[in-house]
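Bear in mind the structure is a predicted one, so any value in this text is a computation, not a measurement. All heavy atoms count here, side chains included; hydrogens, waters and symmetry mates do not.
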Amino acid sequence: MTDVLKLSVSEFELFLHKRIPITKAMGITVLEYSEAAVKVKAPLALNFNHKGTAFGGSINTLMTVCGWAQTHALISAHDAQAHIVIQKSKVRYRAPIISDFIAECSMNDSAAVKLFLDSYFRYGKAKIDIAVKCMDGEKILAEFEAGYVVFK
């Protein structure tokens, strides 16, 4: 293990705003940040379109950041110097978002996490697929799937 990084929710939010400045401009706040789950929130007041609903680019960005943060939580606990990039993504907008919106994801697949970490330490790079959702109660407003790559 090298340079272990354990950040609290507030520390990660500051880190995010410094390293990815658009997150600050969008008003993104971090609600949960752990190896198990990530939740990030964006205010509609800073991210609306001409119809008064959430702008598609903002929704996509929030979900991209959520997946990136989940990947960060997984790898930084083992190597804070790892680089993270998104390799591919797919988004599906299912319903207009008319209020502040939250993107969330969780890592319930321990076998996938083990394979991801084993690959990283064996080859110096690894890929993990992350699924993110924007929800309103039980209703799915947007879905996002992405592959994130980490490397030394």
Locate the shortest heavy-atom distance separating [X] from [Y]; write the atom from each residue and the value.
X	Y	value
Met135	Glu138	CE-O, 3.7 Å
Tyr120	Ala82	OH-CB, 3.3 Å
Ala142	Met63	CB-CE, 3.8 Å
Pro43	Gly27	CD-O, 3.3 Å

Between [atom1] of [X] and [atom2] of [Y], what distance do you get to the nearest 0.5 Å?
X	Y	atom1	atom2	answer
Lys127	Thr71	NZ	OG1	11.0 Å
Glu145	Ile130	CD	CD1	11.5 Å
Glu32	Cys66	CD	SG	9.5 Å
Asn47	Thr53	CG	OG1	11.5 Å

Linking Ile, Leu, Val, Met, Phe, Trp and Tyr through side-chain heavy atoms less than 4.5 Å apart, which residues share a cluster with [X]?
X	answer
Leu31	Ile102
Tyr123	none
Ile98	none

Mind checking whether [X] and [Y] have side chains closer than 4.5 Å, heavy atoms only?
X	Y	result
Trp68	Val132	no
Leu141	Phe101	no
Gln70	Lys39	no
Met26	Leu46	no

Open item on the list: If you count heavy atoms of other groups shown closer than 6.0 angstrom to OH of Tyr93, is the number above 12?
Closed with: yes
Quick one: side chains of residues 9-24, donor-acceptor pairs under 3.5 Å with protein atoms, not counting sequence neighbours, listed by atom name and distance.
{"unit_1": "Ser10", "atom_1": "OG", "unit_2": "Ser8", "atom_2": "OG", "d": "3.3"}
{"unit_1": "Glu11", "atom_1": "OE1", "unit_2": "Ser8", "atom_2": "N", "d": "2.8"}
{"unit_1": "Glu11", "atom_1": "OE1", "unit_2": "Ser8", "atom_2": "OG", "d": "3.3"}
{"unit_1": "Glu13", "atom_1": "OE1", "unit_2": "Val30", "atom_2": "N", "d": "2.9"}
{"unit_1": "His17", "atom_1": "NE2", "unit_2": "Ile28", "atom_2": "O", "d": "2.8"}
{"unit_1": "Thr23", "atom_1": "OG1", "unit_2": "Leu16", "atom_2": "O", "d": "3.3"}
{"unit_1": "Thr23", "atom_1": "OG1", "unit_2": "Ile20", "atom_2": "O", "d": "2.6"}

TODO: Before accepting this row, confirm whether a basic side-chain N of the pair Glu104/Lys133 lies closer than 4.0 Å to the acidic partner's carboxylate O.
DONE: no
Do [X] and [Y] sit in one hydrophobic cluster, given that two such residues count as connected whenever their side-chain heavy atoms are within less than 4.5 Å of each other, even indirectly?
X	Y	answer
Ile75	Val85	no
Ile128	Ile84	yes
Val38	Val149	no

Check: [X] side chain, [Y] main-chain N or O, donor-acceptor pair, under 3.5 Å:
X	Y	value
Asn60	Val91	no
Ser76	Asp79	no
Asn49	Gly52	yes
Asp100	Leu44	yes

Task: Gln81 vs Lys152, side-chain contact (heavy atoms from CB on, under 4.5 Å): CA-CA, chis, key distance, verdict - done: CA-CA 7 Å; Gln81 303 304 314; Lys152 290 184 180 259; over 6 Å; no
Please output the side-chain donor-acceptor pairs of residues 106-119 that fall under 3.5 Å, not counting sequence neighbours, one pair per line with the distance.
{"unit_1": "Ser106", "atom_1": "OG", "unit_2": "Asn108", "atom_2": "ND2", "d": "3.3"}
{"unit_1": "Asp109", "atom_1": "OD1", "unit_2": "Ala111", "atom_2": "N", "d": "3.2"}
{"unit_1": "Asp109", "atom_1": "OD1", "unit_2": "Ala112", "atom_2": "N", "d": "3.1"}
{"unit_1": "Lys114", "atom_1": "NZ", "unit_2": "Asp118", "atom_2": "OD2", "d": "2.7"}
{"unit_1": "Ser119", "atom_1": "OG", "unit_2": "Leu115", "atom_2": "O", "d": "2.9"}

Task: side chain to side chain contact (heavy atoms under 4.5 Å, CB included) against Ser89, all qualifying residues, sequence neighbours excluded - done: Ile86, Phe144, Ala146
Task: Residues Ile59, Cys134; criterion side-chain contact (heavy atoms from CB on, under 4.5 Å); working and verdict - done: CA-CA 8 Å; Ile59 298 165; Cys134 280; 4.3 Å; yes
Task: Under 3.5 Å side-chain donor-acceptor pair for Tyr33 and His72 - done: yes
